[in-house]
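Order of appearance sets the numbers: ligands from 1, and atoms from 1 within every ligand.
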Amino acid sequence: MNTVILVRYEEIFLKGLNKPAFENRLIKNMKRALYGLGKVKIAKAQSRIYVEPEIENYPADEAINRLTKVFGISSVSPVWKLETSKDVIFGKSVEMVRDILKKYNHRTFKVETKRADKKFPMNSMEVSRELGAVLLKNFPELKVNVTDPDFILYVEIREFSYIYSEIVPGVKGLPVGSNGTATLLISGGIDSPVAGWMIAKRGVKLEAVHFYSYPYTSERAKDKVIKLVKMLSVYNLGLRLHIIPFTEIQMYINQKCPHEYITIIMRRFMMKIAEKIALKNGSLGLVTGEAIGQVASQTLESLLVTNSAVSLPVYRPCIGMDKSEIVEISRRIGTYETSVLPYEDCCTLFVARHPVTKPRLEKTIELESVLNIEELIQRALDGAEVMDIE
Ligand code: ATP
Ligand code: MG
């Protein structure tokens with residue numbers, strides 16, 4: 001039996017007249033995610049999407065695994081597509097339940113039927129009841145439990161009919177690319193990959209910028225960021241990474257500015273450079289992993305000063321989250337283990353022992369007024385290394 005994959009989506013239903021555009025984007029993204037697994041037909045019907053393999057032995061498990069990382073999909077089921085006839089549906093149901101019982105030690109079940117094809121001679125209650133009885137006869141070890149069964153056999157009767165029992169949750173959200181582009185400032189830490197993931201989840205296509213301080217930070221620190229970007233790239237369907245040399249700027253700030261202000265001024269440089277890259281790639285915003293009060297550079301005063309360095313909106317999806325909540329998401333999306341690898345980040349260089357927690361904007365601007373900002377930024381941009389990460 002060749003498995004068909006049934007794909008469900010939720011929030012796209014709220015899109016009214018724009019719904020087809022979102023559906024088409026979702027299908028495009030699904031095609032990209034499934035690329036290389038073998039030929040399939042992807043068809044939209046009844047506000048769902050069916051992925052029908054056109055080859056023998058299509059790797060449905062891997063396909064489902066990939067689809068659960070495509071934003072916009074709320075759940076996925078491996079289903080059997082059948083001719084709409086009572087004999088076929090009942091016969092195949094017995095076969096499917098036999099497969100299920102080989103895999104799981106289930107003891108109770110129920111049948112749930114949806115009949116969309118009103119020409120079918122039995123109503124849904126009748127199908128559930130009769131099919132339930134057939135299953136009980138074939139599998140004496142099973143009992144019916146309508147309130148809390150070990151498994152449910154779903155039967156959908158339409159032009160074709162579908163039977164399945166597994167519902168694999170998806171990541172939800174909206175299809176990437178349906179909501180413009182934003183530029184993520186990605187460090188090697190825990191927070192920024194989570195921030196990027198949360199924004200991509202809302203349909204935003206990300207580009208990423210990373211600042212590194214070679215030779216003070218190692219090649220391994222850079223590889224770690226590339227690895228994180230690769231993980232995000234799965235959700236983002238490809239991700240362009242700009243790696244920006246930051247050593248010269250850091251040394252310069254360290255030399256020219258009072259110690260307690262170096263972190264905040266460095267943060268402003270990062271924002272300015274990221275904004276230049278963002279404007280060039282058509283991004284409509286910047287994304288960071290900042291959370292109020294997490295460190296000295298994330299007090300409201302510091303955020304005000306950092307924010308004032310740019311005019312693009314800065315999206316900070318972690319802003320109201322505790323560290324433990326951010327960690328929870330990073331574990332879920334798989335970035336945590338890599339984020340906690342102990343390689344130096346450029347931010348840990350030249351750290352002030354006592355950074356200001358309440359920097360003042362006027363003072364910051366005054367301190368910056370003697371710096372060669374434009375020239376430094378231009379040199380950093382000229383030294384950028386751009387990688388397209390799949
Ligand atoms: P993260 O866990 O993301 O590193 P953090 O809590 O360590 O965040 P900071 O080091 O103050 O916080 O950085 C705040 C934000 O600035 C980061 O979330 C990230 O968006 C950006 N950022 C910090 N360092 C870099 C870097 N080297 N390259 C690019 N962006 C950076
Ligand atoms: Mg950090």
Side-chain angles (χ1 to χ4, degrees), residues 182-200 206-214 216-218 221-226 228-229 231-232 239 241-247 249-250 253 262-278 283 285-303 305-307 309-310 312 314-331 333 335-352 355-357 359 380-381 384-385:
T183 295
L184 168 69
L185 287 84
I186 188 164
S187 68
I190 296 172
D191 309 332
S192 42
V194 169
W197 185 86
M198 288 170 80
I199 294 297
L206 298 174
E207 288 216 10
V209 179
H210 176 68
F211 299 93
Y212 82 117
S213 310
Y214 191 78
Y216 298 97
T217 57
S218 63
K222 184 169 144 188
D223 288 345
K224 168 181 165 178
V225 171
I226 292 172
L228 288 170
V229 170
M231 292 172 179
L232 278 183
L239 184 42
L241 171 64
H242 304 255
I243 299 180
I244 308 291
F246 206 51
T247 318
I249 290 176
Q250 282 186 294
I253 296 172
I262 59 176
T263 306
I264 194 81
I265 291 176
M266 185 188 84
R267 306 260 330 119
R268 282 167 57 88
F269 265 90
M270 284 187 178
M271 300 299 275
K272 285 186 181 164
I273 294 171
E275 185 180 52
K276 291 240 189 270
I277 294 169
S283 278
L286 301 176
V287 181
T288 73
E290 291 158 312
I292 293 173
Q294 202 191 72
V295 286
S297 58
Q298 295 173 25
T299 60
L300 281 189
E301 289 87 352
S302 298
L303 287 167
V305 174
T306 308
N307 211 69
V310 291
L312 273 183
V314 182
Y315 297 104
R316 301 177 171 92
C318 300
I319 198 72
M321 294 167 80
D322 290 357
K323 192 75 186 185
S324 62
E325 293 168 318
I326 302 172
V327 164
E328 196 187 309
I329 298 180
S330 84
R331 283 189 193 279
I333 66 177
T335 51
Y336 181 77
E337 310 302 334
T338 304
S339 287
V340 293
L341 293 173
Y343 308 134
E344 290 271 285
D345 178 70
C346 71
C347 296
T348 46
L349 286 182
F350 313 115
V351 262
V356 275
T357 53
L381 286 168
E385 183 186 345

Per-atom filter on ligand 1: closer than 4.0 angstrom to a heavy atom of G189 are 1 (P), 2 (O), 4 (O)

**Asked** Got V314 and V287 here, is their nearest side-chain heavy-atom distance under 4.5 Å?
**Response** no

query = Step by step, would you call D191 with M321 a side chain to side chain contact (heavy atoms under 4.5 Å, CB included)?
reply = CA-CA 10 Å; D191 309 332; M321 294 167 80; over 6 Å; no

One finds that the ligand 1 atoms under 4.0 Å from a non-hydrogen atom of D191 are 1 (P), 2 (O), 3 (O), 5 (P), 6 (O), 8 (O)

I want to know if ligand 1 touches M270 in the polar sense, i.e. an N/O pair below 3.5 angstrom. no

Checking heavy atoms under 4.0 Å, the part of S297 that sits near ligand 1 is side chain

Worked check of side chain to side chain contact (heavy atoms under 4.5 Å, CB included) between S302 and T357: CA-CA 7 Å; S302 298; T357 53; 5.8 Å; no

Report task. Ignoring angles and geometry beyond distance, decide whether G289 reaches within less than 3.5 Å of ligand 1 through its nitrogen or oxygen atoms. Result -> yes

Q: Can you label the angle between the H210 ring and the Y212 ring as parallel, tilted or perpendicular, going by 30° and 60°?
A: parallel

Logged contact type for L184 with ligand 1, heavy-atom cut-off 4.0 Å, is neither

Restricting to heavy atoms, the pick from R267, R316, E290 nearest atom 13 (O) of ligand 1 would be R267

So the atoms of ligand 1 within less than 4.0 Å of a heavy atom of H210 turn out to be 26 (C), 27 (N), 28 (N), 29 (C)

Does any non-hydrogen side-chain atom of Q294 lie less than 4.5 Å from one of I326? yes

_Is there a side-chain contact between E328 and K323 in this structure, where contact means two heavy atoms from C-beta onward sitting under 4.5 Å apart?_
no

| query | Are L185 and M270 side-chain neighbours, meaning at least one heavy-atom pair lies under 4.5 Å? | reply | yes

Here the atoms of ligand 1 under 4.0 Å from any heavy atom belonging to V209 are 29 (C)

For I186, the ligand 1 atoms with a heavy-atom partner under 4.0 Å come out as 26 (C), 28 (N), 29 (C), 30 (N)

So for ligand 1, is L185 a polar contact partner (N or O within less than 3.5 Å, distance only)? yes

Ligand 1 atoms nearer than 4.0 angstrom to some heavy atom of I190 are 2 (O)

message = I want to check something: taking the side chain as every heavy atom from C-beta on, are T299 and L303 in contact at a cut-off of under 4.5 Å?
response = no

- request: Say whether S187, considering both its backbone and side-chain N or O atoms, lies within less than 3.5 Å of an N or O atom on ligand 1.
  value: yes

task = Step by step, work out the side chain to side chain contact (heavy atoms under 4.5 Å, CB included) result for F246 and M266.
result = CA-CA 9 Å; F246 206 51; M266 185 188 84; 3.3 Å; yes

